[in-house]
Amino acid sequence: MARPTQTTVTLPILPLPSSSVLLPGVVQRIPVSSSRPDVASLLAAVYTRAASSSAAKTPNARIDTIPIACVPLASNLINSKGQLLIKKDDSPSSTSAEIDPAKASKNDLFPYGVAAKITGVEGRGTGEFTLLVEGVGRVKVEKVWTNTERGFLEGRVTGFVDDITGGKGGVVLQELFNHLKMLSRELVAILRLTALLPRSAGGATTQGLSPLLARRLDLFITRQKQPGALADFMANIVEASYEEKLMVLAAVEVKTRVERVIELLERQVGGLKGSIKITAISTTGSGGFPFLGQDREVDDAKRERFKKSGIVPIKGGVPRMGGNPFGFSGGQPKGMIGGGGQDEEDHEPNEIEELVKRLEAAKLSPEAAKVAERELKRLKKIHPAQAEYAVTRTYLETLAEIPWTVTTDDRLGPHTLPRARKQLDEDHYGLEKVKKRLLEYLAVLRLKQSVNEEVDKEMKKVEEELGAANAESDNREEAENAVEPAATADTSLAQEEKIKAHSAKVEILRSKRMVDKSPILLLVGPPGVGKTSLARSVATALGRKFHRISLGGVRDEAEIRGHRRTYVAAMPGLIVQGLKKVGVANPVFLLDEIDKVGGSNHHGDPSAAMLEVLDPEQNYNFVDHYVNIPIDLSKVMFIATANSLDTIPAPLLDRMETIYIPGYTTLEKRHIAMQHLVPKQIRVNGLQEEQVVFTEEVVGRIIESYTREAGVRNLEREIGSVLRGKAVEYADAKDAGHPEKYNPVLTVDDLERFLGIEKFEEEIAEKTSKPGIVTGLVAYSSGGNGSILFIEVADMPGSGRLQLTGKLGDVLKESVEVALTWVKANAYELGLTRNPGEDIMKGRSIHVHCPSGSIPKDGPSSGIAQAVAMASLFSGRAVPPTMAMTGEISLRGRVTAVGGIKEKLIGALRAGVKTVLLPAQNKKDVKDLPQEVKDGLEIVHVEHIWEAIRFVWPDAEWPVDRKGKQAQIQSRL
């Protein structure tokens, strides 16, 4: 037979631990402790060579590209050629256990080893680690020396490569290879079978194989094409002594190696066959064991022996253990699915046993327990290699992870409401309506808990009385044997009536327990006003788990309800996934951006799927398509957020309690910035509080001139920009060695240097007045900000045409037309014409303009200002510049209510206005104004345009007063 090809190289040598042999194609763990400094030195050298190779020739070189030689320790029972010596009875027995691998020399090493590569290093966190080495090919150690600089062994070795052609003995080798395959598969089959059979206390202790591992080994053996590689692999599996493995390692020729492994396999297979008495077995398909030579027919006597031993033959299948129905308490036979054939001394966990324990701990509902029992029985009958096994196991794991009854105890006590109020006030400024509603919910929870505690005390007392009555009844029944039945009949009847009365009382008390149904709130408001953070504060105040579900862009109904298990890669919906994540049945769920859920399409209607989730009368019985078992969501507190109600379907909106969160006013923004945003951004940008001094004037200028939003997100960004600029100044001064030159005080003049020119201009009340100019009030559509708006009216010769400019909206244009019509209709009463039939617009045209023409303007709130401006122009009387007004008018001159009063009046005060005219219907809105606005403005309420005109020009005399028609006008209204 042809010899293998040889090559000679110099490699670092790693002496293996005692009684350890590494073969080619096998991965082995080598534990390394402080007693093996040579291994640490060798590993450092490997890393160094890998780094040098990466820098020089081979980019991205790794340590597994650097070869080493792993050599086992020598044995005095094996000679240098790998042959077993004849041992004399009186000769001393010396084994590798007596040699220290760290101090081994050439004489202590076996002449043969393997060239190997380090595939990994595993640390244990205690100063010890483990090397993962993989054998690559056989080597013979020619010369060994110690590397004094590094502290490990090196040597010249000759490597061998197997001759896969077989040479002249190729036919013989092929026959041996086939025989090796047959014995290998036979060993795997017997090991698998030992896991199925019951074990006696004194029986064999051979480790069994799980079905999946047995199938993979059988497939690997069948597909193996190289005799030498299969021989090395099986030598690592088969039971063999240290010397026998050394003999296999020294077998350089493939034929010799295969013969030695065949001898080992025949010995173990024969021993297993002799120790296991198999009377019958029934198999399916081609997975049988024909080598056993047993009769496949099972007679009655053999069936009896099977039953006595606990094995029940299955028609068309492998034996299984009988008599253990599922009840969340039993396990499964050793070596069955997921068991891997463990005996009682093996502590490796069993898949199904662990799953049963998890299902028991989950405290499933009765329906869920019934389904889990059925699915677990199916799982035990499914082969792990089948796809259905993974699907069923994943489903059961999902059932075990859902919190069916686990809840978080609410932190309710005498200090609950003060603590929650303090928590909400610390996290959010303003938002009184939301805080009020949440405190109401906490108060209701607290009262219900108190009632339930009293009911529980009474129930406990009644149940104790009931137990005593039952015990007394049992004692009487025992004494009845010695007494006449007639004498004890009345006593027994009275005792039974007493027990019934106690039972009825318990049921009545149980019905008095109050069940909590969490509210379903909808927070509506512009972006950045704190809707999401408010929901998180609620969870903190309650002491509950918090989970956020983003509904923006959800287009598939299955994302809410889950996919049915018939689909590939099916999974539960977002609601069930959230419950699994938090692990309790009463969390706080934030349904973020519910107004952006997709509508009806070919994937279903997600908004319709939310109806069942958010309906307090239905969500106690929510059914997810994947779980397909009712889940109680009534304990979950849902808080939804939305920016607009327009896109939310009416049925869904009807199921939620809507709370509107308006944008922050300028005063609120200033308070939020000084109390929260500025300290936060100072910390974020690496500064200390004494290194930057922010004043309210600076914050106010940023709010008014650099931001115009409902929330505070852009305000926080602008504050961050200013602080980054100050951080640069401080760092420059500190690096230059002159920190005293740094000025921590921030002024208004510094803002343009950090933020650029002002983005928004604030209107300021005029100091002088002119006919045709009136100050109106506006609340920006972005929310939060209000300001004044000048309305300018000019006339010119013309044909009665009305011209409008300033990017006015349709509603605002109609307000101008209504105001002009009222002025034309009442021109004689206003003293603008000489007789009632004269047209004031004859021979003239007017032009109405609102400055800041690039900003769109719209809304029904400027009618009164438009009418007063036209009356001012036509009469030549100027309106006081510190007076502003807002309100819509009708053709009859009635002033109607408008919105945004809070924002408008704050903007008016900031612009220098002293007097404001408001509709009488807006008196209720004035109550919510900050006190400084009430003190700084004179607020006048008017019901009719005539009242406004008389207040604007109190000294003017009108023709209508002389004719006494004002009273007639009021009476007609």
Side-chain angles (χ1 to χ4, degrees), residues 7 9-73 101-102 104 109-110 112-141 147 150-155 157-162 212-213 216-217 219-221 223-226 228-237 245-246 248-249 348:
T7 55
V9 293
T10 300
L11 296 177
I13 294 180
L14 174 62
L16 294 175
S18 60
S19 303
S20 177
V21 178
L22 178 64
L23 295 170
V26 177
V27 178
Q28 184 173 328
R29 283 180 169 83
I30 301 178
V32 181
S33 61
S34 57
S35 61
R36 292 295 304 270
D38 59 320
V39 180
S41 302
L42 186 145
L43 184 61
V46 170
Y47 274 108
T48 303
R49 293 184 184 180
S52 60
S53 299
S54 175
K57 301 178 181 179
T58 312
N60 302 323
R62 302 178 301 180
I63 60 172
D64 58 359
T65 61
I66 307 301
I68 64 173
C70 293
V71 182
L73 300 179
L109 298 179
F110 190 65
Y112 291 89
V114 290
K117 59 182 180 180
I118 301 175
T119 59
V121 181
E122 296 179 349
R124 299 183 180 178
T126 59
E128 298 182 352
F129 60 95
T130 302
L131 284 185
L132 293 179
V133 293
E134 179 182 356
V136 178
R138 278 174 173 74
V139 295
K140 183 177 181 180
V141 181
N147 189 327
R150 297 284 188 173
F152 58 86
L153 296 178
E154 285 185 338
V157 298
T158 301
F160 301 93
V161 179
D162 290 346
L212 184 59
L213 180 57
R216 290 179 176 175
L217 284 175
L219 188 62
F220 172 81
I221 294 169
R223 293 182 175 178
Q224 184 58 255
K225 303 298 183 183
Q226 298 183 15
L230 181 58
D232 290 332
F233 180 81
M234 294 308 300
N236 189 63
I237 295 178
K245 289 189 177 182
L246 289 179
V248 174
L249 178 63
E348 184 179 349

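What you see below is based on every heavy atom in this structure, not just the backbone, and it leaves out hydrogens, waters and symmetry mates.
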Worksheet item: Taking C-beta and beyond as the side chain, do Pro15 and Asp38 meet within less than 4.5 Å on heavy atoms?
Response: yes
Worksheet entry | Test side chain to side chain contact (heavy atoms under 4.5 Å, CB included) applied to Cys70 and Val139, Leu14, Val136, the passing residue | Leu14
Worksheet entry | Which atom of Pro101 lies closest to which atom of Ser18, heavy atoms considered | CG-N, 4.3 Å
Worksheet entry | Approximate separation, where rounding is to 0.5 Å, of Ile63 CD1 and Ile68 CD1 | 9.5 Å
Fill in: Least distance between heavy atoms, Ala235 atom then Val248 atom
CB-CG1, 3.9 Å
Worksheet, complete the sentence: Rounded to the nearest 0.5 angstrom, the OG1-CG distance for Thr48 and Leu43 is 9.5 Å
Fill in: Minimum heavy-atom distance between Leu246 and Pro72, given as atom pair plus value
CD2-CG, 3.7 Å
Practice prompt. Report yes if some heavy atom in the side chain of Leu73 is under 4.5 Å from a heavy atom in the side chain of Leu109; otherwise report no.
Written response: yes
Fill in: Close side-chain approach of Val39 and Ile30, heavy atoms under 4.5 Å
no
Practice prompt. Kindly compute the distance separating CG (Leu11) from CG (Leu42), expressed to the nearest 0.5 Å.
Written response: 10.0 Å
Practice prompt. Measure the spacing between CG of Leu23 and NZ of Lys245 and express it to the nearest 0.5 Å.
Written response: 7.5 Å
Discussion item. When you compare the side chain of Ile221 with that of Leu230, does any pair of heavy atoms fall below 4.5 Å?
Written reply: yes
Practice prompt. Could you pull out the closest heavy-atom pair between Val21 and Gln28, with the gap in Å?
Written response: O-OE1, 3.2 Å
Discussion item. Does Lys140, at its NZ atom, have more than 12 non-hydrogen atoms belonging to other residues, nucleotides or ligands within less than 6.0 Å?
Written reply: no
Worksheet, complete the sentence: In this structure, CD1 of Ile118 is separated from CG of Leu132 (nearest 0.5 Å) by 10.0 Å
Discussion item. Closer than 3.5 angstrom, by distance alone: can the side chain of Arg138 be matched with the main-chain N or O of Pro24 as a donor-acceptor pair?
Written reply: no
Discussion item. Check whether Gln226 reaches the backbone of Gly228 with its side chain - one donor and one acceptor, N or O, closer than 3.5 Å.
Written reply: no
Worksheet entry | Rounded distance (nearest 0.5 Å) linking atom CG of Leu217 with atom CZ of Phe233 | 5.5 Å
Worksheet item: Can you list every salt bridge (charged side-chain N to carboxylate O under 4.0 Å, His left out) pair that touches residues 15-32, not counting sequence neighbours?
Response: Arg29-Glu122
Response to the item:
Nearest heavy-atom contact between Ala116 and Leu22 is CB-CD2, 4.2 Å
